[in-house]
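The shown structure was predicted, so the numbers you read here are calculated from the model rather than taken from an experiment. Just follow the structure's listing: the first ligand is 1, and inside any ligand the first atom is 1.
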Amino acid sequence: MTEVDPEPRTDTRPELRPDHRLLRGQAERFGVHIVDDQLKMEGVDLAAVAAAVDTPAFVYSSAAVTRRYEGLRAALSGRRTKICYAVKANSNQTILRLLARAGAGADIVSGGELERALAAGFDPGSIVFSGVGKRDREIDAAIAARIRAIHVESVEEVRRVAARARAQGAVAPIALRLNPDIDPETHPYLATGLQETKFGIAMADALEVAALVANSPSLRLCGITCHIGSQIHDATPFLAGLARLRGIVDELRVRRFDLEYLDLGGGLGVAYGLSDPSVDAPSFGEALTAATADLDLELVLEPGRYLVGNAGVLLTRVLTRKQSGDKRFVIVDAAMNDLIRPALYQAYHAIVPVRLPAADAPTVRADIVGPICECGDFFARDRPIVWPAAGELLAILSAGAYGSTMASTYNTRPVAPEIVVRGDTFALTRPRRSVAAMIADESYPPWLA
Ligand code: LLP
């Protein structure tokens, strides 16, 4: 029998009620909270947002972003530090402007992100340009904008940046991204500090590459940088990276390189599930401050996810429910094109109803899936959930980082709108793109016009 069972067989064992525990106890940790059984972000009813802009939609809490940034800054107030927000995590212009106004710098990885960062008001002198491959015109734009530094990752790139700077009659500030060969013990796709990955210059080559920079009059070496990976929950891997880079930094100073900063990259993690650890910012700051006390350089960090991950939700509506044999499915109107993390990294995202169900409402195990014709189009598998009704709103939590920025238009699904909440108001900061606009972007070749 494959019909939806209006009275599902239920299993109400307490361990099958994690969403209730999440909602009652810890929703605040995920950027939302409950008032009168309604899920709210700051003072705004998420149901009201859905009514205004339809679903799926990304909703971000400005207070949660600011709180994270200020907390990290306070934790590192004991040492000279610049927090350069990794724009790739969430490049919504309002989020960028919020962080720029709070005093953050930016870590960018493309000419597009450079334009975004400048448009949002980041001081060019606080922008660093990461990435293992850069086009000439991206390098040119970065030099012309007088950003803080271009992070170079190979000998060829050193030569290329030197040539582009020479052509502009400029001296380009650069930092060497080294690969400290550290395993941060995270998802294999997110471990970027291992020697076998495409990232960074091998430690053994660092001094030779620095000598090449010294011989290039159009380059100035101002920093050393690394990024070992993502979803790291304490200072230990950062300290290991620091220890590896330390010898090179000391040696470069002996060789009279006038270094300004050491950049330990991004990668601070967030909790996606109830049992995930949360980074304790004060102890992270304390550990880094102590370990760098005798390092007379500015410390640069490039957090992305930590600042925005828990600050956003993806609102979605239940389209239909389905039962095939013992398997239950909740089909929602968001899909892998909106949030690809579960498909790509088998990532867990907590999912909660926007209207809190009764404590004794029946709970079942179900897959929560999107409408796209791919088995990878899922948000949760075999998840204990109160069997929702068609039309009911769900919030996929911790969707503030790598949600919208990784979205696609697969299945001609327009990229979802972005709403930013402040206090009891919310603003539609990017509307849902219309399909008509998507089609209008294209043209027919003359032979088929
Ligand atoms: N700096 C560099 C050079 C990076 O490559 C990255 C991220 C960051 C900073 C920021 O890392 P975060 O603090 O956000 O962990 N799409 C994946 C994450 C990919 C991260 C790539 N690099 C995800 O959804 O988990």
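Counting atoms of ligand 1 from 1 in the listed order, those under 4.0 Å from a heavy atom of Arg177 are 3 (C). Residue Pro303 has at least one heavy-atom neighbour below 4.0 Å for each of these atoms of ligand 1: 13 (O). Residue-ligand proximity, Gly304 to ligand 1, at heavy-atom distances under 4.0 Å covers atoms 12 (P), 13 (O), 14 (O). Atoms of ligand 1 lying under 4.0 Å from at least one heavy atom of Met406, given by number and element, are 16 (N). Within the listing of ligand 1, atoms 8 (C), 9 (C), 10 (C) sit less than 4.0 angstrom from a heavy atom of Ala86.
Taking the ring axis of Tyr348 as reference, the NZ or CZ atom of Arg341 does not stay both within 45° of it and closer than 6.0 Å to the ring centre. At least one test fails for Arg321 against the ring of Phe329: distance under 6.0 Å to the centre or angle within 45° of the axis. Cation-pi geometry between Lys88 and Tyr402 is not met: the NZ or CZ atom fails to fall both under 6.0 Å from the ring centre and inside 45° of the normal.
In this structure, His151 does not count as a contact residue of ligand 1, since none of its heavy atoms falls inside 4.0 Å of the ligand. Within the 4.0 Å heavy-atom cutoff, Ala401 does not count among the residues contacting ligand 1. Taking a 4.0 Å cut-off on heavy atoms, Gly265 fails to register as neighbouring ligand 1. At a 4.0 Å cut-off, at least one heavy atom of Tyr345 sits close enough to ligand 1 to count as contact.
In terms of N/O distances under 3.5 Å, ligand 1 is not approached by Gly229. For Glu302, a nitrogen or oxygen atom sits less than 3.5 Å from a nitrogen or oxygen atom of ligand 1, counting backbone and side chain alike. Ligand 1 has an N or O atom lying under 3.5 Å from an N or O atom of Arg305, backbone or side chain. At under 3.5 Å, a nitrogen or oxygen of Ser230, whether backbone or side chain, sits near a nitrogen or oxygen of ligand 1. For the pair Arg341 and ligand 1, the shortest N or O to N or O distance falls below 3.5 Å.
For atom 13 (O) of ligand 1, the nearest non-hydrogen atom from the set Gly267, Ala89, Cys84, Cys226 comes from Gly267.
Contact annotation: for Asp107 versus ligand 1, heavy atoms closer than 4.0 Å belong to the side chain alone.
Here Phe284 pairs with Phe238 under the ring-ring contact (aromatic ring centres under 6.0 Å, His included) rule; sequence neighbours left out.
Closest approach of Leu314 and Ala334 over heavy atoms only: CD2-CB, 3.9 Å. Here the shortest heavy-atom pairing between Ala175 and Ile224 reads CB-N, 4.2 Å.
The pair Glu260-Arg148 meets the salt-bridge criterion, since a charged nitrogen lies less than 4.0 angstrom from a carboxylate oxygen. Under 4.0 Å is where a charged nitrogen must lie from a carboxylate oxygen, and between Asp263 and Lys82 no such pair does.
In this structure a side-chain-to-backbone donor-acceptor pair under 3.5 Å is present from Ser61 to Ala64.
Applying the side-chain hydrogen bond (donor to acceptor under 3.5 Å, both in side chains) test to every pair with at least one member in residues 235-251, sequence neighbours left out, gives these pairs: Asp234-Thr236, Arg246-Asp294, Glu251-Arg255.
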